[in-house]
Amino acid sequence: MTQLDLSATERKWQERWEKAKLFEAEPLARKKFMLTFPYPYMNGFLHIGHFYTLMRVDVLARYKRLQGYNVLFPQGWHCTGSPIEAAAKRIRDKEPKQWASMRKMGFKEKEIEAFADPEHWTAFFPREAKIDYQRMGMSVDFRRSFITTSLNPYYDRFIRWQFRKLKEKGYVTKGEHPVVWDPKLNMPVGDHDRSEGEGETPQEFLLVKHRLDDDRYLVSATLRPDTILGLTNIYVHPDYDYQEIEIETAAGTEHWILGESAIKRLEEQDWKLRPVGTIKGQDLIGKETEEFGDRKVPVLPATFLDPEVGTGLVHSVPSESADDLIALWDLKKDEKLQKKYGLDKEMVAQIEPIEILDLKGIGGNPAKHFLEKYGVKHQDERKKLDRIRAELYKLSFYNAKFGSIYKGVFGRDIVGRPIQEEMDYVKEQLIEQGWAAILYQLTGRVVSRNLNECIVKIVRDQWFINYGDPAWKELAREALRGIRLYPEKARAQFEHVIGWLHSWACAREYGLGTKLPWDPQWVIESLSDSTLYNAYYTVAHLLTKMPLDKVNDALFDHILLGKGTAPSKEAEQMRKSFTYWYPVDFRNSGKDLIQNHLTFYIFNHVALLPRKYWPRGIGVNGWVVIDGQKMSKSLGNMILLRDMADKFNVDPSRLTIMSGGESLDDPNWDSGFAAAIRNKLIAFHDFCLTHHGKGNGPAKETPVDAWMESRLNSIVKETTLAMEETLFRTASQKAFFELNQDLRWYLKRTNNRPNRSLMDRILESQVIMMAPFVPFLCEEIWEKLGKKGFVSVASWPKHDDKLIRPELDALEKTVADSVQDIQQVLKLAKVETPKKLTLFVASPWKYELYALLAREMKATRNPKELIPRMMAKESIKKHGQEVMRILQRILKSGRIPEAVSSEKEEFAALQDARVFLQEEFGAEIEVIRAGETEESKAAAALPGKPAILVA
RNA sequence: GCGGGGGUGCCGGAGUGGUCAAACGGGACAGGUUCAGGGCCUGUUGGCUUAGUGCCUACGAGGGUUCGAACCCCUUCCCCCGCACCA
């Protein structure tokens with residue numbers, strides 16, 4: 001047989017499918033199944049990460065087709081957002097890194113230049129993606145493909161319709177929020193546009209005001225406003241120059257005193273302010289400030305302050321901050337210093353930490369606890385103090401509860417409540433009562449790709465989708481209850497996300513996309529324009545045949561909501577298409593998308609469409625690792641689809657990735673497996689051709705046939721079950737490897753004379769079951785077996801429960817074991833060509849067991865007593881494991897089976913296998929039951945398996 | 001820290017109270033078939049041993065429940081996803 005050319009086979013069937021329009025789906029009388037894969041982002045070639053998730057959709061699509069469903073699997077291409085536009089700009093700017101990455105993708109210099117235009121990306125990559133899809137055998141209806149953004153006016157109108165609807169329903173609101181900003185380019189800077197500071201975000205500090213008697217305010221910054229009642233004093237650095245400013249606040253014009261860097265930030269964040277003068281820190285020392293909660297506290301000196309951090313001055317909470325407490329202790333001890341600043345010794349001595357929070361296991365003064373734990377003696381021990389600060393902050397924020405001092409302080413009682421849950425409330429209250437304001441600060445230095453130092457900017461007039469709306473959340477929860485999840489264990493995560501999701505900034509000032517219909521300076525961002533578009537697939541190919549001016553809100557209202565009478569025949573057809581295909585039966589993505597995209601998807605569906613069109617099934621999966629290594633750009637181990645197909649061929653790649661893992665586990669791409677499986681698949685092809693239609697065994701069914709029949713039915717059953725659960729690893733494992741193993745044994749057992757009709761049925765079933773995984777190869781085999789039509793649309797095999805007989809497995813195992821036993825005995829006896837082999841079937845210890853059991857069970861049926869009594873007997877204890885198994889079965893059923901019955905069956909099975917054993921060993925085979933002859937009585941003294949006598 | 005998912009042999013991974021030294025697969029080693037390579041077939045692949053039976057040590061670590069635990073309970077360590085405005 002000539003070697004099968006996999007590449008040629010791939011091309012051949014890809015062309016035939018396309019010619020036959022096999023995957024182009026239109027409404028039919030048949031039941032439907034619609035599947036989608038979130039459109040991939042078009043800033044590069046598709047890679048193995050896409051492949052795995054995508055394969056889960058394609059395999060299920062193909063399976064459902066075999067089940068007789070009318071299947072729709074469409075695919076669009078995502079272009080919305082800043083990455084494409086930003087990358088194009090970097091090409092224009094000749095940024096070396098960007099150019100290098102394009103070269104790595106295999107582009108020549110000339111070709112790269114074309115990518116300076118964003119539209120080149122949105123034209124080029126979708127085209128290439130489609131080529132990859134087809135090559136990888138994705139059973140997609142490409143007539144419905146599209147790109148997003150205003151570059152596609154049809155889709156653009158759909159998104160505008162969607163957003164007008166959301167706004168009508170009151171789900172779109174306006175607000176403000178902080179972003180990382182390049183002040184020179186006047187542009188927000190996402191994580192990928194940074195040359196330094198990836199992962200740094202704006203952090204919300206609370207500015208807390210402390211009123212001096214002349215109505216000026218000292219302003220401190222804190223991340224822990226929850227500790228406000230523990231405030232005992234203010235610390236200023238004596239040598240530092242503080243600035244006084246006049247600032248517009250909600251309460252009017254105020255005078256604030258704080259450090260210079262904070263003033264810069266205030267200005268950046270759009271505060272209106274004017275410098276008034278400078279005040280040296282030491283001039284503030286000894287003054288008193290009025291605080292929230294009607295208290296007065298002194299201003300004291302401290303040298304641990306860093307003028308760049310916060311406002312350069314702090315309010316001291318010695319019970320919750322080790323820095324504050326040690327500074328206080330130091331000051332109390334240092335009478336010289338007190339004298340220097342004219343502080344009243346008594347006053348200083350009286351300052352004590354105030355217990356405000358309750359930290360489990362530590363109490364109300366964790367600062368003291370930590371200082372003692374680490375043995376800190378002085379505020380200059382920075383290393384220890386830094387460590388304490390980090391540790392204490394986390395511990396306190398996440399584990400502490402508000403103490404009784406907070407009783408009646410705010411409108412709502414928060415005593416005993418966890419800090420992290422009430423923090424926002426406390427913040428709100430302080431701001432509302434005029435004691436505080438918000439200032440953002442970056443968690444670390446951020447430098448943009450253009451090498452500008454970035455700042456925090458407050459974006460005003462930001463549009464949000466209000467996923468925090470309680471009634472909306474309730475609908476989403478309801479929808480989730482009706483959604484089938486693959487796997488079910490992802491449900492907890494979805495529930496949790498619906499719970500904490502709140503407003504989502506849904507528009508950007510920069511990037512490709514659809515403009516907000518009512519505020520066109522804003523572009524809808526990528527996670528917001530991808531939430532309802534599955535509905536668009538149902539009509540995409542019809543819609544684009546319409547003149548654009550007819551594509552309006554009224555049309556979408558009719559198609560998607562059934563409003564009004566159809567404005568045209570086309571509209572009627574589209575309405576029909578939508579109502580036929582919707583809802584989506586299966587949408588699959590990586591597990592990371594649970595927290596945004598997939599949940600948004602649920603929210604938008606429940607907001608806009610009637611119940612019967614809410615999503616029906618959602619699949620999530622893990623992240624691909626490559627040969628055990630995490631996939632990443634920096635490791636350079638990303639595998640592009642096209643490279644994978646070149647190197648391993650398509651079908652082997654498909655089976656490899658599906659064998660790598662399932663459920664939420666991260667699937668492993670095993671290159672070694674891919675190389676090995678390639679040969680196994682070719683062998684599968686050859687095997688089918690060799691054995692199909694050529695079985696030459698007896699037409700009558702033999703016991704081995706019954707066993708094989710049982711195995712086939714059982715494997716079909718289990719495979720079907722696994723397919724239904726999208727457990728594709730399990731399914732392919734059973735349909736391919738397990739069935740192959742059984743087949744090998746079956747062939748051997750029948751001395752290569754299998755039952756013809758059974759053999760044909762097995763092979764055909766296997767080819768069909770494998771078709772979702774290795775479709776090209778299966779089509780090829782199918783054709784060569786002389787079957788009509790495409791295997792892609794054949795009928796999935798059915799099983800018959802009556803034919804599944806697990807007891808036959810045990811007997812077949814007896815036969816298999818006896819082969820091994822004989823081999824060993826022959827080896828031992830050093831006989832190569834035996835004339836005659838006598839097998840004695842006997843399990844004497846079982847007789848003993850059952851007899852003893854019958855006696856003991858009269859005394860007790862309680863396993864606690866029964867089991868030790870049985871085990872007391874040496875001869876039985878020897879077979880402990882098996883005895884326990886038997887006991888358990890008996891205790892469950894309450895009946896003691898006859899020991900001889902299993903022996904009887906074993907005897908029959910071995911009798912039946914005589915022909916097989918005779919050929920296997922070239923010797924006459926005799927099977928004798930224990931006790932029938934003198935020799936067998938001796939043999940019966942041996943435990944367990946059949947004894948063997950060689951002649 | 002929180003929410004979610006995990007930790008099993010050289011590797012990928014089955015297994016959730018007794019047929020477990022652990023399915024299935026990969027890899028490695030040995031033998032057979034083949035002109036050769038590939039493929040295919042057979043065997044071995046925790047330790048000590050045996051002709052076979054056997055014994056010991058193992059399922060991240062420690063403890064507990066049980067006649068019996070990879071599996072149930074408690075404690076603890078580690079890994080992955082997410083904690084957002086980024087696709």
Side-chain angles (χ1 to χ4, degrees), chain A residues 3 38 40-41 43 78 80-84 177-179 188 190-192 201 393-395 397-399 420 459 462 464-465 487 489-497 499-508 525-528 530 590-597 620 622-623 625 627-628 630 656 659-677 679-680 682-683 686-687 729-730 732-734 736-738 740-741 744 748 810 813 821 823-825 827-830 863-871 878 880-888 942-944:
Chain A
Q3 172 101 22
Y41 194 68
N43 63 342
H78 203 193
T80 309
S82 55
I84 288 177
H177 91 285
V179 294
D191 250 358
H192 307 291
T201 53
Y393 177 91
K394 270 187 188 169
L395 200 66
F397 179 71
Y398 291 114
N399 300 317
Q420 61 170 320
V459 177
Q462 169 73 52
F464 291 93
I465 297 180
K489 65 180 165 192
R491 187 171 298 276
Q493 183 74 357
F494 272 103
E495 278 165 358
H496 185 249
V497 171
W500 67 248
L501 212 58
H502 51 266
S503 301
W504 179 267
C506 63
R508 292 291 111 79
E525 62 80 51
S526 64
L527 278 165
S528 300
S530 56
K591 60 183 171 183
D592 53 323
L593 260 48
I594 295 176
Q595 13 283 323
N596 46 51
H597 167 72
V620 284
W623 277 56
V625 295
D627 292 324
K630 223 178 136 168
T656 300
S659 300
E662 60 194 7
S663 192
L664 290 179
D665 297 335
D666 292 340
N668 183 45
W669 166 268
D670 184 339
S671 305
F673 181 91
I677 203 66
N679 294 323
K680 294 232 189 254
I682 292 171
D686 296 352
F687 185 90
R729 200 183 99 91
T730 304
S732 63
Q733 193 82 221
K734 289 190 185 295
F736 194 64
F737 296 110
E738 280 191 31
N740 279 352
Q741 191 164 287
R744 270 203 297 271
K748 191 172 176 181
K813 189 167 185 295
D821 290 346
Q823 276 170 351
Q824 265 158 7
V825 169
K827 203 166 142 197
L828 168 64
K830 297 205 167 71
K864 241 183 172 163
E865 295 170 30
L866 185 62
I867 292 167
R869 285 169 101 152
M870 300 293 297
M871 289 302 190
K878 259 169 98 174
Q881 289 290 306
E882 200 170 348
V883 171
M884 288 311 303
R885 201 184 85 235
I886 293 168
L887 281 178
Q888 204 172 39
L942 294 166

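Note on naming: letters A, B, ... go to the chains in the order of the sequence lines (proteins, then strands), and numbering restarts at 1 for each one.
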Can you identify which nucleotide, out of G4(B), C81(B), C40(B), has its nearest atom closest to the A492(A) side chain? G4(B)
Given G13(B), G3(B), G26(B), the nucleotide with the shortest approach to the side chain of Q493(A): G3(B)
Minimum-distance nucleotide to N596(A) side chain [options: G38(B), A23(B), C86(B)]: C86(B)
Heavy atoms of other groups near W504(A) CH2, more than 12 under 6.0 Å: yes
The nucleotide from A87(B), G13(B), G26(B) with an atom nearest the side chain of F673(A) is G26(B)
Within this structure, what is the CD-to-P distance between E495(A) and G5(B), rounded to whole angstrom? 11 Å
With a 4.0 Å cut-off on heavy atoms, is Q741(A) in touch with a base, just the backbone sugar-phosphate, or nothing at all? sugar-phosphate
Rounded to whole Å, the CZ-P distance (F736(A) to G12(B)) equals 22 Å
Nearest to the side chain of Q595(A), heavy atoms from C-beta on, is which of G25(B), G82(B), A87(B)? G82(B)
Mind calculating the distance between CD (E662(A)) and P (C80(B)) to the nearest angstrom? 22 Å
Complementary nucleotide of C67(B), counting Watson-Crick and G-U pairs under 3.5 Å: G18(B)
Ignoring hydrogens, what is the shortest heavy-atom contact between G622(A) and P667(A)? Give both atom names and the distance. C-CD, 3.7 Å
Quickly work out the W623(A) CH2 to G6(B) P distance and round it to whole Å. 19 Å
When you measure from the side chain of A683(A), which nucleotide among G26(B), C86(B), C40(B) comes out closest? C40(B)
Taking atom C1' of C41(B) as reference, at what distance in whole Å does atom NZ of K680(A) sit? 11 Å
Expressed in angstrom and rounded to an integer, what is the separation of R744(A) atom CZ from G25(B) atom P? 7 Å
What does K734(A) touch in the nucleic acid at a heavy-atom separation under 4.0 angstrom: a base, only the sugar-phosphate, or nothing? nothing
If you check every side-chain atom of F737(A), which of A87(B), C81(B), G25(B) has the closest atom? G25(B)
Once you apply a heavy-atom cut-off of 4.0 Å, does E738(A) come out as touching a base, just sugar-phosphate, or nothing? nothing
C40(B), C81(B), A87(B): which one has an atom nearest the side-chain heavy atoms of Y41(A)? A87(B)
Looking only at side-chain atoms of H496(A), point me to the closest of G39(B), G13(B), G3(B). G3(B)
Go through G27(B), G13(B), A87(B) for me and flag the one nearest to the A676(A) side chain. G27(B)
Using a heavy-atom cut-off of under 4.0 Å over every strand shown, decide if S528(A) touches base, sugar-phosphate, or nothing. nothing
If we call it a pair only when both distances are under 3.5 Å in a Watson-Crick or G-U wobble match, what pairs with A58(B)? none
Distance in angstrom units between H597(A) NE2 and A87(B) C1', rounded: 12 Å
Taking every heavy atom of Q493(A) against every heavy atom of I594(A), the minimum-distance pair comes out as CG-CG2, 3.7 Å
Classify the nucleic acid contact of L527(A) as base, sugar-phosphate or nothing, counting any heavy atom under 4.0 Å across all strands shown. base
Can you tell me the pairing partner of C35(B) across any strand shown, Watson-Crick or G-U wobble, with both distances under 3.5 angstrom? none
